[in-house]
Protein chains: 2
Amino acid sequence: MARTDARYREAFNALLDYCAELSPRAPMPSESKLCEIVGVSRTVVRRCLARMEEKDLIAWEGRDKRLLRAPTAEDRIAQQGGLQRSTNLEQRFLEWILKFDVPANTPLSVAELSRSFKVPQHELKEFLAGLSRFGLVARRKQGGWMLLGFTRDFAVELSDFRAVLELHAVRQAVDAPVDHPIWSRLEILRADHLALMNRIETDFHAFSTLDETFHGAINSVVKNRFVAEFQKVVSLIFHYHYLWDKTDEKARNEAAIAEHLAIIDALEARDEEAATIAARRHLKTSKTTLLSSLRYHDLA
Amino acid sequence: MARTDARYREAFNALLDYCAELSPRAPMPSESKLCEIVGVSRTVVRRCLARMEEKDLIAWEGRDKRLLRAPTAEDRIAQQGGLQRSTNLEQRFLEWILKFDVPANTPLSVAELSRSFKVPQHELKEFLAGLSRFGLVARRKQGGWMLLGFTRDFAVELSDFRAVLELHAVRQAVDAPVDHPIWSRLEILRADHLALMNRIETDFHAFSTLDETFHGAINSVVKNRFVAEFQKVVSLIFHYHYLWDKTDEKARNEAAIAEHLAIIDALEARDEEAATIAARRHLKTSKTTLLSSLRYHDLA
DNA sequence: TCAATGGTTTTTTATTATTCTAGACAAAAA
DNA sequence: TTTTTGTCTAGAATAATAAAAAACCATTGA
């Protein structure tokens, strides 16, 4: 019960690795130095040292710590099964919602999600609390959480908000200095777009990734933590929706490539007016696509 | 330990209130009806009914539940001390940071905050997880949380982001139909501003609230959950910073009133160009004020 | 026959208790 | 002095647990 000692186990093995570098009988660094080396508190380091002494790996008396023998594979401590990655939970969660088309107003069971995502319950709760800031989920009066989900309103507001941020980014990009990395990125993107256009008949589904890269590049001009945070979610949602709505995919992507190229042209010409118009047109198309994919699913 | 029965206690009293309306010997509604009435699960309702039967308030046999006597004040169940409001935790937390000028990179102790705000630990964790979406706090590698706080970068990015949102709102407002509530709100605000201008010598500190109302009105034109969510935090931060930086407060507020009036004038003239310029000027002033208040505190 | 209701059980949530970890302090050594 | 260690206290992560929700099934009564 209670807190796991995964940290101690990891630290112990890390210390063994460090000792392997050391020559036998060499004095070991001070406890606080070892803390820095394995990135853990002195409490844990001392626990590790105690075990090493017990296993006759080191002689430890006061400040004198000496390696007695080279550590072997058997000395290593087993990692408790779990070690489940709670990284990219966000991505996995959104992927789940969009791929399985979880409908709006679905109650979310923390217990169930915790099992399927192999993540401790409390971590999921914190994650959901974070998502509630984006209005994607909300607490229920009876307790627990509920997916507000991709309703029509949500999609409209998301698209509008995205448009506000991205038009701002476009305006900033026009004013970017010549040595700004955006210009070389745009050149590469232009080439990629033209290349894809040539093999569009077969590779039209490769557009989704390109789209994400393109919008990422545009938004990278704006150095703002709030924008960046939103962008992460926005792009993920648009990305999966694109993957998912297969109607007229080739035609849509072909049109989108043309729209992207128009934006690149206008940006490189430093023509704010034209760039804004081109961006607005493309964002409008995106919004329409997102909405129609929702409509399609409402019928299903 | 474990979950409290506050819900049961509240439900029981609510049921008593409901019974008080009933005439004695009257049959009570079905369990599921009672659930809807008090907004609680059947499990809790049945626990309440069991207690009512035990206290000889009702006769209960199968579907036949009859009130035996009118409930008295003594029948009520005591609410367990706590009932601590975890509402407006956000406001209280930001208030604490800004009022006590908690510096950036301060480690936040969940245990301590939990005590001082009288809120269960896990609720605080969820709250902090939410705030981390705004980049105001972050997890530490060693565990726990840390206030990233109001650094210069944070203030700049916050101001910029606010400007993006608010300029968008201004552009929307210009296009708002004549019967949109914004116009009457602006008329009232104009009068309020003029009134405050007349008594500025004595009441200049009343501007802070007026400022919040003004920006709230402008932003109310944009109906967007993302904007609204951010606006809550943004306005709170600006609000407290205004309250807090006392240098040249009268002169600053007087100037700000003039800037507000210029925005109102331009909006009512439906002049997008002028409105944008006026708004941009005001936002720039705000940003400068916010930054200088930080500089002032850095020295302290 | 069937919808609504009640008894019962299973599952999930909220919260505490517990173990591990971090950090602080003072004594000891260099 | 300055650094290092022994000791202690407070805090964080997590499992255990009581309460609540929800599902299930039998029963009632139209």
Side-chain angles (χ1 to χ4, degrees), chain A residues 1-12 27-35 38-50 60-65 80 82 84 86 107-115 119-126 128 139-146, chain B residues 1-12 27-35 38-50 60-65 80 82 84 86 107-115 119-126 128 139-146:
Chain A
M1 77 174 84
R3 191 167 183 166
T4 63
D5 58 358
R7 198 156 231 168
Y8 154 65
R9 289 161 186 272
E10 232 171 303
F12 185 82
M28 295 176 70
S30 74
E31 293 175 6
S32 25
K33 290 279 191 304
L34 292 173
C35 291
V38 293
V40 96
S41 77
R42 259 188 69 215
T43 309
V44 174
V45 164
R46 299 190 100 238
R47 238 186 110 182
C48 293
L49 289 175
W60 184 21
E61 200 156 342
R63 342 206 132 175
D64 193 49
K65 302 180 285 289
Q80 207 71 317
Q84 39 228 356
S86 26
L108 297 174
S109 151
V110 170
E112 197 180 318
L113 292 174
S114 162
R115 280 191 298 265
V119 159
Q121 291 203 7
H122 57 96
E123 241 174 84
L124 248 155
K125 282 199 225 168
E126 290 181 15
L128 291 176
R139 263 188 191 298
R140 296 194 310 158
K141 287 174 300 298
Q142 320 90 308
W145 296 87
M146 131 151 180
Chain B
M1 78 174 86
R3 191 165 182 167
T4 64
D5 60 356
R7 195 157 233 170
Y8 154 66
R9 289 160 187 274
E10 233 173 299
F12 185 80
M28 292 175 71
S30 74
E31 292 175 4
S32 25
K33 291 279 191 303
L34 291 174
C35 290
V38 293
V40 98
S41 78
R42 258 186 70 212
T43 310
V44 175
V45 164
R46 300 190 99 237
R47 237 185 111 184
C48 293
L49 288 173
W60 183 21
E61 201 157 342
R63 318 197 159 182
D64 194 49
K65 302 179 285 291
Q80 208 73 316
Q84 38 226 2
S86 27
L108 297 174
S109 149
V110 170
E112 198 180 317
L113 292 174
S114 161
R115 281 192 297 267
V119 160
Q121 290 202 8
H122 57 97
E123 242 174 84
L124 246 155
K125 282 200 227 168
E126 290 181 14
L128 290 176
R139 264 184 192 299
R140 296 193 312 157
K141 285 176 300 296
Q142 320 92 306
W145 296 86
M146 133 150 178

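Per chain, numbering begins at 1; letters A, B, ... match sequence-line order.
- In this structure, A:Arg47 and B:Glu61 both approach DNA chain C, and ranking their closest nucleotides by distance from the 5' end singles out B:Glu61.
- Considering CH2 of B:Trp60 and CG of B:Leu49, their distance stands at 5.0 Å, rounded to 0.5 Å.
- Out of D:dT17, C:dT19, C:dA14, the shortest distance to the side chain of B:Ala2 is found at D:dT17.
- Pairing each heavy atom of B:Cys35 with each of B:Ser41, the nearest pair is SG-C, 3.7 Å.
- As rounded to whole Å, 11 Å separates atom P of C:dT21 from atom CD of A:Glu10.
- A heavy-atom distance below 4.5 Å is not found between the side chains of B:Val38 and B:Val44.
- Put simply, A:Lys65 has a side-chain N or O that comes within less than 4.0 Å of OP1 or OP2 on D:dT5.
- With a 4.5 Å cut-off on side-chain heavy atoms, A:Arg47 and A:Asp5 count as touching.
- The salt bridge (charged side-chain N to carboxylate O under 4.0 Å, His left out) search around A:Glu31 returns A:Arg42, A:Arg46, not counting sequence neighbours.
- Side-chain proximity of A:Arg7 to D:dA19, C:dG6, C:dT21: nearest is C:dT21.
- The distance from atom CG of A:Leu113 to atom P of C:dT12 is 10 Å, rounded to the nearest whole Å.
- Atom CG of A:Asp5 and atom P of D:dA15 are 11 Å apart (whole Å).
- Applying the side-chain hydrogen bond (donor to acceptor under 3.5 Å, both in side chains) test to B:Arg7 and every residue at least two apart in sequence or in another chain returns nothing.
- Distance A:His122 NE2 to D:dA13 C1': 6 Å, rounded to the nearest Å.
- Computed from coordinates, the B:Lys141 NZ to C:dA22 C1' distance equals 14 Å when rounded to whole Å.
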Summary of protein contacts for nucleotides 23-30 of chain D, nucleotide by nucleotide, where a base hit scores B, a sugar-phosphate-only hit scores S (4.0 Å, heavy atoms): B---BB--
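- Residues that satisfy the side chain to side chain contact (heavy atoms under 4.5 Å, CB included) test with A:Ser32, not counting sequence neighbours, are A:Ser30.
- Taking atom CD of residue A:Glu31 and atom P of nucleotide C:dC25, one finds them 18 Å apart after rounding to whole Å.
- The CZ atom of B:Arg140 sits 11 Å away from the C1' atom of C:dT21 (whole-angstrom rounding).
- At a threshold of 4.0 angstrom between heavy atoms, the contacts of B:Arg46 include nucleobase atoms, whether or not backbone atoms are also involved.
- The residue among A:Ser30 and B:Ser41 whose nearest nucleotide of DNA chain D is located toward the 5' end is A:Ser30.
- Side-chain contact check for A:Leu108 versus A:Leu124: every heavy-atom pair is 4.5 Å or farther apart.
- Qualifying side-chain hydrogen bond (donor to acceptor under 3.5 Å, both in side chains) partners for B:Arg139, counting only residues two or more places apart in sequence or in other chains: A:Glu126.
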Set out, line by line, the N/O atom pairs under 3.5 Å between protein and nucleotides 8-12 of chain D.
residue: D:dG11; atom: OP2; partner: B:Arg115; partner atom: NH2; Å: 3.4
residue: D:dA12; atom: OP1; partner: B:Leu108; partner atom: O; Å: 3.4
residue: D:dA12; atom: OP1; partner: B:Val110; partner atom: N; Å: 3.1
residue: D:dA12; atom: OP2; partner: B:Val110; partner atom: N; Å: 3.2
residue: D:dA12; atom: OP2; partner: B:Ala111; partner atom: N; Å: 2.9
residue: D:dA12; atom: O3'; partner: B:Gly144; partner atom: N; Å: 3.4
residue: D:dA12; atom: N3; partner: A:Arg3; partner atom: NH1; Å: 3.3

